[in-house]
Amino acid sequence: MKLGFRPGQVVQELGWDEDCDDDLRIDIEDTTGNELIDQGSGEVADVVLQWWRDDDGDLTDALVDAITELAPGGVVWLLTPKVGREGQVDPSDIADAALTAGLSTTTTVSVAEDWSGTKLVAPRS
């Protein structure tokens, strides 16, 4: 899987809605061997899967919330509608929000027919 998921990882899913790609979600669960967990589960996540659309609110706040239960060295995959799709998010908005939240953008890849994924990591200290 191109997102780098590994068996045994705990993946927290935020921002799910009916427009999300269920095939991707199933692939992640199959790869990790775990069900996706919700925010407030009390578990520390290795990866946060954050679905985000342009009209979902304040992206910086969402990213700050996303990393509250993230393990050290963990990553956030920010999933946004692809360019030209309803709800697309400008890449500069992603970069600005990530920086303000204390994260760095690394790569952006196509993760599903309608969704792109941007990998966000905490800078090494």
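All values below come from the heavy atoms of this structure, side chains included, with hydrogens, waters and symmetry mates left out.
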**Student:** Are Asn34 and Thr32 close enough, and set up right, to give a side chain to side chain donor-acceptor pair (under 3.5 Å), and what steps lead you there?
**Tutor:** CA-CA 5 Å; Asn34 293 317; Thr32 62; 4.6 Å; no
**Student:** Can you measure from CD (Gln88) to OG1 (Thr80) and round to the nearest 0.5 angstrom?
**Tutor:** 8.5 Å
**Student:** If you take all heavy atoms of Gly15 and Cys20, which pair is closest and at what distance?
**Tutor:**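 Residues Gly15 and Cys20, closest heavy atoms: O-SG, 4.1 Å.
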**Student:** Nearest 0.5 angstrom please: Asp21 CG to Trp51 CH2, how far?
**Tutor:**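 Rounded to the nearest 0.5 Å, the CG-CH2 separation comes to 5.5 Å.
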**Student:** What pairs with Asp56 under salt bridge (Lys or Arg N to Asp or Glu O under 4.0 Å), at least two apart in sequence or on another chain?
**Tutor:** Arg53
**Student:** Do Asp30 and Phe5 have side chains that approach each other closer than 4.5 Å (heavy atoms only, starting at C-beta)?
**Tutor:** no
**Student:** For residues Leu70 and Ile94: do they belong to one hydrophobic cluster (side chain heavy atoms under 4.5 Å, members Ile, Leu, Val, Met, Phe, Trp, Tyr)?
**Tutor:**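 Yes; Ile94 is reachable from Leu70 via cluster members.
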**Student:** Out of the candidates Asp27, Asp23, Asp22, only one should pair with Arg25 under the side-chain hydrogen bond (donor to acceptor under 3.5 Å, both in side chains) rule; please name it.
**Tutor:** Asp22
**Student:** Does Leu36 share a hydrophobic cluster with Val44, counting links as ILVMFWY side-chain heavy atoms below 4.5 Å and allowing steps through other members?
**Tutor:**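 Unlinked, Leu36 and Val44 end up in two clusters.
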**Student:** Could you report the tightest heavy-atom contact between Ala62 and Gln50, atom names first, then the distance?
**Tutor:**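 Smallest interatomic distance, heavy atoms only, reads O-OE1, 3.8 Å.
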**Student:** Where is the tightest heavy-atom contact between Thr60 and Asp58, given as atom of each residue plus distance?
**Tutor:** N-OD1, 2.9 Å
**Student:** Supply the atom-to-atom distance Thr68 OG1 to Leu63 CG, rounded to the nearest 0.5 angstrom.
**Tutor:** 11.5 Å
**Student:** To the closest 0.5 Å, what do you measure between CD1 (Ile28) and CG (Leu49)?
**Tutor:**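 Interatomic distance, Ile28 CD1 to Leu49 CG, rounded to 0.5 Å: 4.5 Å.
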**Student:** Write down the atom of Ser110, the atom of Lys82, and the distance for their closest heavy-atom approach.
**Tutor:** OG-NZ, 2.7 Å
**Student:** Donor-acceptor pairs under 3.5 angstrom involving side-chain atoms of residues 114-122: please list them, not counting sequence neighbours.
**Tutor:**
residue, atom, partner, partner atom, Å
Asp114, OD1, Arg85, NE, 2.7
Asp114, OD1, Arg85, NH2, 3.3
Trp115, NE1, Asp19, O, 3.3
Thr118, OG1, Thr108, OG1, 3.2

**Student:** Please answer: with hydrophobic residues joined when any side-chain heavy atoms are less than 4.5 Å apart, are Val75 and Val109 in the same cluster?
**Tutor:** yes
**Student:** So which atom in Ala98 and which in Thr105 form the shortest heavy-atom distance, rounded to 0.1 Å?
**Tutor:**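 Result for this residue pair: CB-CG2, 4.0 Å.
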**Student:** Considering all heavy atoms of both residues, which atom of Ala45 and which atom of Gln12 are nearest to each other, and what is their separation?
**Tutor:** CB-CB, 3.8 Å
**Student:** Considering the options Val89, Leu79, Asp93, which one meets the side-chain contact (heavy atoms from CB on, under 4.5 Å) requirement together with Trp52?
**Tutor:**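 Among Val89, Leu79, Asp93, the one meeting side-chain contact (heavy atoms from CB on, under 4.5 Å) with Trp52 is Val89.
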**Student:** Any side-chain heavy atom of Leu59 within less than 4.5 Å of one from Leu78?
**Tutor:** yes
**Student:** Kindly compute the distance separating CD (Glu13) from CD (Glu35), expressed to the nearest 0.5 Å.
**Tutor:**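 These two atoms lie 11.0 Å from each other.
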**Student:** Out of curiosity, Leu3 CG to Thr31 OG1, how far, rounded to the nearest 0.5 Å?
**Tutor:**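 One finds 9.0 Å between CG of Leu3 and OG1 of Thr31.
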**Student:** If we ignore hydrogens and angles and just use 3.5 Å, is the side chain of Glu69 paired with the main-chain N or O of Gln39 as donor and acceptor?
**Tutor:**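 No.
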